[in-house]
Amino acid sequence: MKMLKRSEVDINTTWDLTDLFESDDLFYESLKNIETEVNNYEKTYKNTIVSKDVVVKALKELEAIQEKLVRLSTYASLHMSEDQSNLESGKRSGTLQMTFSRVIPKLNFVKQEINLLDKTILEAAMIQEPTLKKYIEDVIRNQKYNLEPVVEDAISTLSASLSAPYEVYNMNKLVDMQFKPIEIDGKSFPFSFGYYEDQLAYDTNKEIRHAAYDSFHQSLSQNQNTHAGLYKAHVLKEKAMGQLKGFDDTIDYLLFEQEVSRDMYDRQIDLITTHLAKPMQKFAKHLQHIHKLDKMTYKDLQLVVDPDFEPNISIMEAKNYLLDGLSILGEDYLEMVEKAFEDRWVDFPQNLGKSTGAFCSSPYGVHPYVLISWTEKMREVFVMAHELGHAGHFYFAGQHQTLFNTRPSLYFIEAPSTMNELIMANHMKEKADNPRLKRWILSTIISRTYYHNFVTHLLEAAYQREVYNTIDQNKPLSANVLNGIFRKVLEDFWGDAVEISENAELTWMRQPHYYMGLYPYTYSAGLTIATEVSQKIINNELDIDKWKNVLKAGGTQNPLNLAKMVGVDLSTDAPLMNTIHHIEAMIDEIIALTDIIENEERAK
């Protein structure tokens, strides 16, 4: 398969970024104007925020400025995501970063001056303008960790440099890193980072799958020291920031912003690694049985239960599946799904330089954008359901909340997305009229939804926790150290059921989430909430409107309170253990269905 250049793809399958800016000229004009606007804002309000009236007025105008900043940064970042090698996108992104490095520090004075106000003034401001309540509460919560204004200004000025490791990581991974084509039976298979992860890792031909793994990981190995240096720079920056602000360790510093306690974080990692390992080992051995493998290796873990059964599907067919499956969420939700397809909110093509995986970006005041690399396989319906879950979340939150109140804690962010996957799975399973279809649905949910969120990202979280523990103990980091940590995590989880292949430890190089704070563990946290809520809805124990009220609440509540709105108590082990038992039951049902299918085949 030839990997297309961005200029060669069908424009009708790409997203339409003109809803952000109709042209690059307007983008650059807005970028220039925002600098003038911020300068005027600084002149108007600096050294004047001393009363509740000025607090309210200054913050409402700041919110309007932030909306423009978000639109600018989204336009630049989405262009980069569609093709990292595009020179114009690089220029656009670089210009934005240089402008923001001048502009953002000039807004720091707002929080700095608000921090000096008496609590009674702040409380009066919240009463006067209730939409600012969460913002001001967060200011008060952060007060004891604030640095001197000159230091906060310096950090803001250096923001582009401080975020450079992530940018360099993506450039190396998506543009500079090259993979040697593999040749099987006289046929050549050239591939990219994304094509390996989306296609070749799942190939049912063992020779292709293993050869692609070897070629892919050979390139990773050749770049491991560069990536280790980038990751080391990133985590040492986080450690330094935590120390500057007075936190005891780096993990506590990163959790503070999420409004999550250390026990909630550790529980998510410890309970899953302890209680889910055996069921997942059982699932791995079942894959070995189905595919008649002499042994189960790390190279084979991406195999699916019934690859020959999975149908191809067009983009429009996927749209119809999603409209049908998500109908339980109501007409207003389906209207959003319809718009996503018809108004080109989604970028579907596979092309060189495109970001891997899938994501949803939701600029306030516009609409969400979704990136996916469409493989024309039915499994992509679940990926789209996931990303539309993010889209629906911020679509509703944006309609009912101000910008400052839209985004919830990272801990909760994956609940709406995985909720959609489970709704789709239940809908499809109810309509399934034969064991093979039912098994495909269940196994897709295990291998895509739960494996991805409860295993892949959980192992990343366990690894990430050890990395932060290592730097907080002032031990050195290197490629060898990072490889050793990741390999031990893999061996501890998979035990004797899976042979950990050579270079499997380089898997840490594949994930950009490490540059986003404590992100990986939140996938299992969100899916825990989604599993509990979806079961309540399926069993008619919860009205769907209560769930939609959670979406509309945006970031006005912390994760514990958002979950309590739908009857889930995250302060206990129960939701997580219920989810693990649910996963194990699904695996047992898959194995039972395989027995039925194999008995039927033998009887023919």
Side-chain angles (χ1 to χ4, degrees), residues 30-74 96 99-159 241 244-246 256-257 259 363-366 394 397-409 552-558 561:
S30 180
L31 192 60
K32 181 179 178 180
N33 290 341
I34 198 69
E35 191 158 15
T36 301
E37 187 172 346
V38 169
N39 288 337
N40 291 336
Y41 179 85
E42 183 185 34
K43 290 175 185 177
T44 301
Y45 288 106
K46 194 165 187 178
N47 300 319
T48 71
I49 305 178
V50 294
S51 68
K52 66 179 177 62
D53 292 335
V54 181
V55 168
V56 170
K57 191 175 180 186
L59 287 179
K60 295 306 289 183
E61 289 189 28
L62 176 64
E63 197 167 37
I65 289 173
Q66 293 283 14
E67 182 176 340
K68 295 174 183 177
L69 292 172
V70 167
R71 186 177 290 221
L72 285 162
S73 62
T74 302
L96 177 125
T99 302
F100 275 24
S101 69
R102 295 191 301 270
V103 164
I104 302 299
K106 293 181 179 180
L107 298 172
N108 288 341
F109 76 90
V110 181
K111 279 190 177 180
Q112 292 166 4
E113 292 186 24
I114 290 176
N115 278 327
L116 299 175
L117 296 178
D118 188 86
K119 191 175 179 181
T120 57
I121 295 177
L122 297 177
E123 289 171 344
M126 287 190 283
I127 293 171
Q128 180 173 322
E129 181 52 69
T131 64
L132 295 175
K133 182 175 183 291
K134 186 67 168 62
Y135 182 94
I136 294 174
E137 285 178 343
D138 286 342
V139 169
I140 295 171
R141 183 169 170 262
N142 276 277
Q143 279 181 333
K144 71 174 183 176
Y145 297 110
N146 287 326
L147 304 174
E148 291 295 320
V150 65
V151 180
E152 295 282 4
D153 288 344
I155 291 170
S156 292
T157 302
L158 291 168
S159 60
M241 289 296 299
L244 281 172
K245 288 181 174 289
F256 181 80
E257 184 181 354
E259 298 182 88
Y364 187 84
V366 190
F394 291 108
Q399 289 178 334
H400 292 85
Q401 305 296 338
T402 62
L403 183 147
F404 286 160
N405 291 332
T406 300
R407 192 169 186 84
S409 163
K552 294 172 184 177
T556 57
Q557 302 287 333
N558 66 32
N561 290 334

Original post:
Are any of the side-chain nitrogens in Lys245 or Glu152 under 4.0 Å away from the carboxylate oxygens of its partner?
Top reply: yes
For Lys106, the side-chain hydrogen bond (donor to acceptor under 3.5 Å, both in side chains) test, sequence neighbours excluded, returns Asn39
Are the side chains of Met241 and Ile155 in touch, meaning some heavy atoms are under 4.5 Å apart?
yes
The reported gap from CG in Leu403 to CD1 in Ile65 (rounded to nearest 0.5 angstrom) is 12.0 Å
Item to complete: May I have the step-by-step check of side-chain contact (heavy atoms from CB on, under 4.5 Å) for Thr74 and Val366, ending in yes or no?
Response: CA-CA 10 Å; Thr74 302; Val366 190; over 6 Å; no
Sorted by chain and residue number, the salt bridge (charged side-chain N to carboxylate O under 4.0 Å, His left out) partners of Lys134 (sequence neighbours excluded) come out as Asp138, Glu259
Counting only heavy atoms not in Lys552, do more than 12 fall under 6.0 Å of its NZ?
-> yes
Residue set satisfying side chain to side chain contact (heavy atoms under 4.5 Å, CB included) with Lys68, at least two apart, ordered chain then number -> Ile34, Glu37
For Ile49 and Ala58 the tightest heavy-atom approach is CD1-CB, 4.1 Å
CD of Glu123 to NZ of Lys133, rounded to nearest 0.5 Å, is 10.5 Å
Give the C-alpha distance, both sets of side-chain angles, the deciding distance and a yes or no for side-chain contact (heavy atoms from CB on, under 4.5 Å) between Glu129 and Val55.
CA-CA 10 Å; Glu129 181 52 69; Val55 168; over 6 Å; no
Interatomic distance, CG@Leu132 vs CG@Leu59, rounded to 0.5 Å, equals 5.5 Å
Applying ring-ring contact (aromatic ring centres under 6.0 Å, His included) to Tyr45 and not counting sequence neighbours gives Tyr41
The complete set of side-chain hydrogen bond (donor to acceptor under 3.5 Å, both in side chains) pairs with one or both residues in residues 398-407, sequence neighbours excluded, reads Glu63-Thr402, Thr402-Asn405
Between Pro408 and Phe394, the two heavy atoms sitting closest are CD-CE2, 3.9 Å
Rounded to the nearest 0.5 angstrom, the CZ-CG distance for Phe404 and Leu62 is 4.0 Å
> Taking atom NZ of Lys32 as the centre, does the number of heavy atoms from other residues, nucleotides or ligands within less than 6.0 Å exceed 12?
Replying inline: no
Trace of the side-chain contact (heavy atoms from CB on, under 4.5 Å) decision for Phe100 with Ser159: CA-CA 9 Å; Phe100 275 24; Ser159 60; 5.9 Å; no
Q.
Keeping Glu42 on the side-chain end and Leu107 on the backbone end, is there a donor-acceptor pair under 3.5 Å?
A. no
Does Glu257, at its CD atom, have more than 12 non-hydrogen atoms belonging to other residues, nucleotides or ligands within less than 6.0 Å?
no
What one should report as the nearest heavy-atom pair of Leu117 and Val50 is CD2-CA, 3.7 Å
The reported gap from CG in Leu31 to CG in Leu72 (rounded to nearest 0.5 angstrom) is 5.5 Å
Distance col, row Lys111:NZ vs Asn142:CG, nearest 0.5 angstrom, shows 6.0 Å
For Ala125 and Val56, the nearest pair of non-hydrogen atoms, with its separation, is O-CG2, 3.8 Å
Contacts of Gln128 meeting side-chain hydrogen bond (donor to acceptor under 3.5 Å, both in side chains) (sequence neighbours excluded), chain-then-number -> Lys52, Asp53
Worked verdict on Asn558 versus Asn561 for side-chain contact (heavy atoms from CB on, under 4.5 Å): CA-CA 5 Å; Asn558 66 32; Asn561 290 334; 3.4 Å; yes
